[in-house]
Structure formats: structure tokens, C-alpha cells
Amino acid sequence: MDFKRNIIITGGAGFIGSHVVRLFVNKYPDYHIINLDKLTYAGNLANLKDIEDKPNYTFVKADICDFPKMQELLQQYHVDGIIHLAAESHVDRSIKDPFTFAQTNVMGTLSLLQAAKLYWESLPEKYEGKRFYHISTDEVYGALELTNPEGLPSPFTTKASSAHHHAYGREFFTEDRRYQPHSPYSASKASSDHFVRAFHDTYGMPTIVTNCSNNYGPYQFPEKLIPLFINNIRHRKPLPVYGKGENVRDWLYVEDHARAIDLIFHKGRIADTYNIGGFNEWKNIDIIKVLIKTVDRLLGRKEGEDMDLITYVTDRPGHDKRYAIDSRKLQRELGWEPSLQFEEGIEKTVRWYLDNQEWMDNVTSGDYQKYYDNMYKNR
């Protein structure tokens, strides 16, 4: 079958990647979507069981650092678009093992860029109709001051705005803010962003970079705050909170991020940068209290009875105080904005994890890895 486009999505078995793969496979039956994933601990093909038999979907187990394999895949599938999500992303892991983060996030991105450059430059049309879209993080910008500890009404209004929306400072990350990464994770992502832009400036490769705030929703690996705490509340395990839980993050429902990626891939300006955020700042401790109340209510417990699970632990090194994205450029130029109020998104998210305990058990036990390792070890 001839497809209109052949797009590699890297990290497509991961949290955000699986939502992007599902959206593209279902929305564009005339696109061939190649899901490229190494299936490390954070990659789980159970995230995509509902689309694994679709005729326009192909899974390839491979490492983006394997440069010859990347060259082979681009030629084999006549790839004209790359949406690059594959990355090591857990800050605590980066503090313990910075080498792995540099290898995957920097050298892996460079491997993909060079393979795309060589393949696309070999074609008669060269870069025409091609696109290399790199997904990054707001953490490359460093940290913002926490100047409004109690929060003031947010200056941003969207369809998804709610009465809660507060800003905990007067500054926000805009696309022209200088980079100031503070962790090995954010330093590795900052470096990869620079390589992507350098490939446009040096070779004319059609690239786009987006920097997104914290995502939440179904299929997130449960070492991240929201799924970890939902699971711990369910099983009445301690909820380890760094410092006093005063750190502020901007949260975005993962399907809204996937919609933004779709829009930017198709309509974003080449060589440009777009910030994607939820206009939705929360202190960690306030999110945790909302999670406890929501899980308790949905499990038929007395609402808030598990507040005593909160356990304050020593803060991690270099823990940034506040991140807050200004995504008005994306709103203004391409018409995107979040669709869900945070309270609605949290309700959907908690329900999903409570309804999918088997998925959670397989992930926390590691059984999902054994299953797919056996499936692909001879391929």
C-alpha cells in the first residue's frame, strides 16, 4: 500500500509517545506510522494494544543510538517525517547516572539527525516536504522565582481555565528565554535542542523544537509523581514529598499535548520553537492533596482520610522551585489551547489508574518487559 506520508515516531511505546502514535494512526489512515522504541523500562507496548493490528502501523524495536540501523530504517520506509520523543526523562535517575542521559538524549538525537540528513540529501527533492520535529522540555529554561507563594489569579485565560488557576510568580518561560539547565537531565535535553537547531542552520534541515510542561494522564510510568501517588494511596503506602512540597509545576493533560504535536507537525513554522503548557500551575503538595481526596472518594473511603500518608523527605539536589510556560504564541499562531480543566483531567486520570490495576501491576512488577523481551529477542 502506498501511503501519503511515512513518519517515524521515536519513543512511541512510552507515555507521551504512545498517545501521539495512537492519535496519528487513528486520525491519518493514509499515513504509515513507524513506532521506533528501544523498549527500555519506560516503554510498554501494552500501551498500544488497541492499534497494534492497524494496517498503517508498524513497530520496530531499535536504539536511536544505533546509527547504521537508523540509516537503514529511513531508507527502508522512505521516511519523510520524524517526530522525536525518545529520551531518558526522569530527573532522579539522571542525578545517579548522567552518562546514560547524555548517551540517549544527546548522541541518540545526533544519530537520528545525521541519518535523516544523509538520507534526505540523497533524494532528488532533498528536504522538500520533510520535517524533523524534536520534543523537548521546559526544564531547559532553568527555574523561575517563586514570588507569589500563595498564588495570584493567573493572567492567562483559556476554555479550560478554572477558578483554581493561579500564578506563583510574575515571570513565565517564553520561547526566547535563554537556556539555564540545572540537572543532568535538562542539560542533556538542552544539548539535543542545540543540535537540532544547528542542523537547520548548517544544513538547511527543516526542523522544529517544542518545549512542554509536565504531562499527566493514562499510561504514565509509575515512578512519576501522579501515577506513583495514586498507586500508593490505593495501597496505603507512604507518599514521599520532597522538602515541604512547595515546588510549583505547570501541568498539561497528555492528550492535549498530543493534539499540539499534531498541529505543530503539520502547520508549525520551520526552524521555529513553540512552548506548550497548561496555563495550570500547582504546588506539589496541593496536587497531592487533590489526589488523596479523589482516590479516597472513588474508592468509597472517607474523603481525605489518607492525608496521614504524606511523608516529607530530604529535597533532591538542584530542585527547581517553579516552572511556568507561556504558550500564548502557540495559541495565537496556530489556535491551540488546553481542552480540559485540571480538575476534570485529574478525575479522568485517577479513574483510569484505578480501573487498570492489571496494567499498573504488570508495570510495577516488570512483567511487561519479560513478555516483550521474549517476543522480540529473535527479531
Side-chain angles (χ1 to χ4, degrees), residues 6-25 33-48 57-74 77 79 81-91 93-94 97-117 119 131-137 139-140 184-196 199 205 207-212 215 219-221 223-224 254 257-258 261-262 264-265 276 368-369 372-373 376:
N6 299 291
I7 299 168
I8 283 180
I9 299 178
T10 71
F15 168 45
I16 300 170
S18 62
H19 287 276
V20 177
V21 167
R22 178 180 295 104
L23 174 64
F24 272 70
V25 167
I33 303 303
I34 302 104
N35 174 6
L36 169 62
D37 202 293
K38 188 182 176 183
L39 294 183
T40 61
Y41 74 93
N44 185 356
L45 288 175
N47 297 357
L48 292 164
Y57 172 72
T58 299
F59 173 72
V60 176
K61 183 180 180 183
D63 184 348
I64 57 172
C65 294
D66 184 346
F67 177 60
K69 183 68 174 178
M70 295 305 101
Q71 290 183 287
E72 175 192 322
L73 289 174
L74 264 77
Y77 292 110
V79 171
I82 296 171
I83 300 175
H84 177 36
L85 290 122
E88 294 282 351
S89 66
H90 194 60
V91 175
R93 286 178 183 255
S94 81
D97 179 19
F99 282 101
T100 296
F101 281 69
Q103 181 66 26
T104 299
N105 297 353
V106 183
M107 297 307 293
T109 300
L110 183 55
S111 168
L112 269 176
L113 284 164
Q114 183 69 356
K117 172 190 176 291
Y119 173 58
R131 186 154 292 197
F132 189 107
Y133 178 176
H134 175 67
I135 283 84
S136 188
T137 172
E139 297 192 37
V140 298
Y185 161 60
S186 55
S188 69
K189 290 297 290 185
S191 177
S192 65
D193 295 4
H194 289 320
F195 268 109
V196 172
F199 266 66
M205 182 183 286
T207 62
I208 291 181
V209 175
T210 55
N211 301 84
C212 192
N215 281 214
Y219 300 110
Q220 187 168 27
F221 191 79
E223 69 182 354
K224 299 289 188 172
V254 64
H257 188 189
I261 289 170
D262 174 24
I264 293 164
F265 179 79
I276 309 171
Y368 72 103
Q369 280 189 298
Y372 288 110
D373 281 348
Y376 286 100

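Of all non-hydrogen atoms in Tyr119 and Val79, the two that sit nearest each other are CE2-O, 3.5 Å. Of all the heavy atoms in Val140 and Ser186, the pair that sits closest is CG1-O, 3.7 Å. Thr104 and Ala87 make their closest contact through CG2-CA, 4.3 Å (heavy atoms, listed as atom of the first residue, atom of the second, distance). A pairwise comparison of heavy atoms in Ala86 and Gly11 identifies CB-N, 3.5 Å as the closest pair. Here the closest non-hydrogen pair linking Met70 and Ala115 is CB-CB, 3.8 Å.
The CD1 atom of Ile83 sits 4.5 Å away from atom CD1 of Ile9, with the distance rounded to the nearest 0.5 Å. In this structure, CZ in Phe67 is found 10.5 Å from CE in Met107, a value given to the nearest 0.5 Å. Rounding to the nearest 0.5 angstrom, the gap separating the OH atom in Tyr77 from the CD1 atom in Ile7 is 15.0 Å. The structure places CD of Gln220 at 7.5 Å from CG of Asn215, a figure rounded to the nearest 0.5 Å. Atom NE2 of His84 sits about 12.5 Å away from atom OG1 of Thr207, to the nearest 0.5 Å. Distance CD1/Ile264 to NE2/His257: 7.0 Å, rounded to 0.5 Å.
At least one donor-acceptor pair under 3.5 Å links the side chain of Lys189 to the backbone N or O of Ile135. Judged by distance alone, the side chain of Asp37 and the main-chain N or O of Lys61 form no donor-acceptor pair under 3.5 Å. Between the side chain of Ser111 and the main chain of Ile64, a donor-acceptor pair closer than 3.5 Å is present. Using modelled atom types, one side-chain atom of Thr109 and one backbone atom of Asn105 make a donor-acceptor pair closer than 3.5 Å. In this structure, the side chain of Ser191 does not engage the main chain of Ser188 through any donor-acceptor pair within 3.5 Å. No donor-acceptor distance shorter than 3.5 angstrom exists from the side chain of Arg131 to the backbone of Ile208, with no hydrogens or angles considered.
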| Can Asn35 and Leu45 be said to form a side-chain contact (heavy atoms from CB on, under 4.5 Å), step by step? | CA-CA 10 Å; Asn35 174 6; Leu45 288 175; 4.2 Å; yes
| Do Asn47 and Val21 pass the side-chain contact (heavy atoms from CB on, under 4.5 Å) test, and can you show the C-alpha distance, the side-chain angles, and the key distance before you say yes or no? | CA-CA 10 Å; Asn47 297 357; Val21 167; over 6 Å; no
| request: Step by step, work out the side-chain contact (heavy atoms from CB on, under 4.5 Å) result for Val91 and Glu139. | output: CA-CA 10 Å; Val91 175; Glu139 297 192 37; 3.5 Å; yes
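Side-chain contact between Ile82 and Leu36: absent, with no pair of heavy atoms (C-beta onward) separated by less than 4.5 Å. Using a 4.5 Å heavy-atom cutoff, the side chains of Gln103 and Cys65 are in contact. The shortest distance between side-chain heavy atoms of His134 and Phe199 does not fall below 4.5 Å. Side-chain contact between Leu113 and Met205: present, with at least one pair of heavy atoms (C-beta onward) separated by less than 4.5 Å. Looking only at side-chain heavy atoms (C-beta outward), Tyr185 and Arg93 stay at 4.5 Å or farther from each other.
Screening Asn44, Leu85, Leu48, Leu23 against Ser18 for a side-chain contact (heavy atoms from CB on, under 4.5 Å) leaves a single residue, Leu48.
Taking the six-membered ring where the residue is Trp, Phe24 and Phe265 present perpendicular rings, their angle passing 60° and hence far from 30°.
For CZ of Phe195, the number of neighbouring non-hydrogen atoms (other residues, nucleotides, ligands) closer than 6.0 Å is 12 at most.
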